[in-house]
Amino acid sequence: MYNILLTDDEQIVIDTLSFILNKNFSEEVQLYTALSGANALEIVRREKIDIIFMDIHMPGINGLETISLIKQINPNIVIVILSAYDQFQYAQEAINLGAYKYLTKPVNRNLIVQTARNCMSLVDTKRGALTNNLELHEKLNFVSSIVESDFIYSCIFSNTTTDFSSYLEYFDIKDVPFFMCCIEFSMMEQSRRYDAYMKLKDILTSKSKCIIGSFMTNRVGAFFPIKRDLLEDDGEEASVETGADHQPDEVRAEGSQSNLETKQRELMKKIYSLLTTEITSKIRIGVSQIENDIQRSSQIYNNALTALNSTSAAGGLSFYVDTLIQNHESAQNKKIQDFKTRILNRIKVADAGSVSQLVSDYVNLVYEVYDLQQDVLKNTLIEFIFSVRSCVNSIIEDYKNEAFDKAFSILASTNDKTVIEQFITDRCLEGVTAIAGVQTEKSNPIIKKACDYIEQNLEKDMSLEQLAGYLNVSTFYLSKLFKEETGDNYISYVTERKLEKAKQLLGDDSLIIKEVTSMVGYNDQNYFSKLFKQKFGMTPSEYRETLKK
């Protein structure tokens, strides 16, 4: 079946052509008619037209103008010009615009039939070529999709011996930086995944020459070779190269890396925006850092997964570099809080010996974490001082100390770390002294006896049951009383005292680490070292080295 459009401003011409074509081709043709160029354009946009017979001179848009517009809509349409003007100029222009034939009116019936038959043969040829191209394209797409999926699978599960050379040659990827991302379709029905995947491929490939894997559960992996294209978008590469003669290699490398990371973020933000707009808002994307060694692709993909897992379950875009910073800050903040808790617990039991060193370590850690954020640093230390006062007030309700009230003004007026550390230490020790005075008056004799016994027997591995037997009280009662009086459970208290004792013993160079381990009641030196590092942030050997400086 051939769809033929007859366009002429004279109805008699259209009727004549319709009669000839219907009589000679009957069921082979479907005829459409138009009395103007504008009308012809509407039909071409609406119907799949194969052949057009068109007059040149029509009101409004003439035939030549109409041909030009039609070829933009569908370049495969076969066009035959009918004109009362036998002028070479018109014929030449029509042929240049893509017309197949130029016939002058009146046209012989046999010529119309033969021309129509020739047009149909040409349409058949174009259809065959198009079909072959489509079939070839589909086959290539199918093969390419298999290779892409296999490549992504190899990236995810690679090791140092994986050979990527064939893949790199197939995709024409040379030694270039790359990054990977993991895309998750959260809570998407199985029936929607294929359509979502096809849209995903369209969006990704429209923005980058990336390689896309297949679905693995509800996730898709993608590999982005950079090829330095990202730097060229805004002319930044040129600016980097311009200064090449005046900058050291490492400076240029850092600049280029920074530019790449900036462009990487811009690209992935655009992609995320398109995906959430055209597919679903519940998409999570994790993006790895930029890497040069493809043998590390498995680790790079895992980094993308780490970034993905840091996003909200409702959807989001996260970069591994940001995740590292957040995790580091979170770990450092937790360490600061742990130090703070330990100091407050030592203050509650009036342990002056531990408090001074702990405060020094705490202040050093706060400076290490917030050295470039002075406001945060000062606020953290001021908050700590107020926590110390609250700690003392929890034991001595009417405790007052004017120095605590001056904390804000003193810390705000100086950046001298030594002055700040001394101020905080003094406040803590004053709190310890106040609590010690109260505890001397009110301490339970059983706990006092227990603490004295523990202090005298740190070299022993003594259980709560053994201590309860020594004191002639029940284990349950001793455990409850110990927590109420000291603020720590039994094991934590004993461990704290053993490690503080070990710290003192390490100052004696005549003792080897193994001897110190035994003298504080541990048989396993590795276990002792692990506990020591958890409390003081360094191994016993490392601590001993600090004493020599």
Side-chain angles (χ1 to χ4, degrees), residues 148 151-152 154-156 158 164-165 167-183 200-201 203-213 220-276 283-311 316-329 372:
E148 287 192 27
F151 172 69
I152 295 297
S154 297
C155 286
I156 293 173
S158 69
F164 287 99
S165 57
Y167 292 115
L168 299 180
E169 183 178 352
Y170 178 85
F171 293 115
D172 191 27
I173 299 174
K174 297 184 171 57
D175 185 20
V176 296
F178 71 93
F179 65 91
M180 298 189 72
C181 73
C182 181
I183 303 165
L200 169 68
K201 290 197 73 168
I203 290 171
L204 291 186
T205 54
S206 71
K207 293 297 178 183
S208 174
K209 297 176 182 177
C210 60
I211 302 168
I212 306 159
V220 175
F223 179 97
F224 289 78
I226 297 177
K227 296 185 179 178
R228 314 302 286 187
D229 317 3
L230 294 179
L231 284 176
E232 296 171 1
D233 292 346
D234 300 323
E236 294 183 26
E237 178 70 15
S239 65
V240 173
E241 291 182 350
T242 300
D245 295 335
H246 308 287
Q247 296 177 327
D249 289 343
E250 59 272 19
V251 173
R252 295 200 305 274
E254 289 175 6
S256 296
Q257 183 70 12
S258 176
N259 287 339
L260 285 177
E261 290 173 358
T262 299
K263 294 297 183 180
Q264 177 200 37
R265 288 176 182 271
E266 292 174 355
L267 171 66
M268 293 311 301
K269 286 177 181 177
K270 288 177 184 176
I271 288 175
Y272 179 71
S273 177
L274 287 170
L275 291 176
T276 54
I283 286 181
R284 302 169 70 200
I285 302 181
V287 184
S288 77
Q289 77 275 34
I290 294 172
E291 174 61 42
N292 290 292
D293 184 3
I294 196 169
Q295 297 299 145
R296 295 192 66 241
S297 59
S298 179
Q299 180 58 54
I300 299 306
Y301 181 79
N302 286 332
N303 291 348
L305 270 179
T306 298
L308 182 143
N309 289 328
S310 72
T311 63
L317 169 67
S318 180
F319 295 85
Y320 178 68
V321 173
D322 296 341
T323 304
L324 276 184
I325 295 172
Q326 292 167 3
N327 289 345
H328 178 70
E329 290 178 349
L372 299 178

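Residue numbers run from 1 in the order of the sequence given. The analysis underlying the following values was restricted to heavy atoms, covering all of them including side chains, and did not include hydrogens, waters or symmetry mates.
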Discussion item. For the CG atom of Leu267 and the CG atom of Leu260, what is their distance to the nearest 0.5 Å?
Written reply: 11.5 Å
Item to complete: Could you pull out the closest heavy-atom pair between Phe178 and Asn292, with the gap in Å?
Response: CE2-C, 4.2 Å
Item to complete: Go through the steps to decide whether Ile183 and Ile212 satisfy the test side chain to side chain contact (heavy atoms under 4.5 Å, CB included), and finish with yes or no.
Response: CA-CA 10 Å; Ile183 303 165; Ile212 306 159; over 6 Å; no
Worksheet item: Is a side-chain donor or acceptor of Ser288 paired with a backbone partner of Met180 at a separation under 3.5 angstrom?
Response: yes
Practice prompt. Give, for atom CD1 of Ile271 and atom CG of Leu200, the distance between the pair rounded to the nearest 0.5 Å.
Written response: 9.0 Å
Discussion item. Counting C-beta onward and ignoring hydrogens, is there a side-chain heavy-atom pair between Ile226 and Phe179 closer than 4.5 Å?
Written reply: yes
Worksheet item: Would a distance-only check, ignoring hydrogens and angles, find a side-chain to backbone donor-acceptor pair under 3.5 Å from Thr306 to Asn302?
Response: yes
Fill in: Closest heavy-atom pair and its distance - Ala307, Gly286
CB-CA, 3.9 Å
Item to complete: Keeping the roles fixed (side chain from Thr276, backbone from Ser273), state whether a donor-acceptor pair exists under 3.5 Å.
Response: yes
Item to complete: Quick one: pull up OG in Ser297 and OH in Tyr167 and give me the separation to the nearest 0.5 Å.
Response: 11.0 Å
Worksheet item: About how many Å separate CG of Leu308 and SG of Cys181, when rounded to the nearest 0.5 Å?
Response: 9.5 Å
Worksheet item: Which pair of non-hydrogen atoms, one from Cys155 and one from Phe223, has the smallest distance, and what is that distance?
Response: SG-CD1, 4.1 Å
Worksheet item: Side chains of Tyr301 and Ile152: closer than 4.5 Å at any heavy-atom pair?
Response: no
Practice prompt. For the pair Glu266 and Lys269, find out whether any cationic side-chain nitrogen is under 4.0 Å from an anionic carboxylate oxygen.
Written response: no
Discussion item. Just verifying a value: how many Å separate Ile283 CD1 and Leu274 CG, rounded to the nearest 0.5 Å?
Written reply: 10.5 Å
Worksheet item: Should Ile173 and Ile211 count as side-chain neighbours, where that means a heavy-atom distance under 4.5 Å?
Response: yes
Worksheet item: Hey, is Asp322 close enough to Arg265 for a salt bridge, meaning N to O under 4.0 Å?
Response: yes
Worksheet item: For the side chain of Ser298 and the backbone of Ile156, is there at least one donor-acceptor N/O pair under 3.5 Å apart?
Response: yes
Fill in: Close side-chain approach of Phe319 to Glu261, heavy-atom, < 4.5 Å
no
Discussion item. Please find the pair of heavy atoms, one from Pro225 and one from Cys210, that lie closest to each other, and give the distance.
Written reply: CD-CA, 4.2 Å
Worksheet item: Between Phe164 and Phe151, how do the two ring planes meet: parallel, tilted or perpendicular, split at 30° and 60°?
Response: perpendicular
Worksheet entry | Separation between CD1 of Ile290 and CD of Gln264, rounded to the nearest 0.5 Å | 4.5 Å
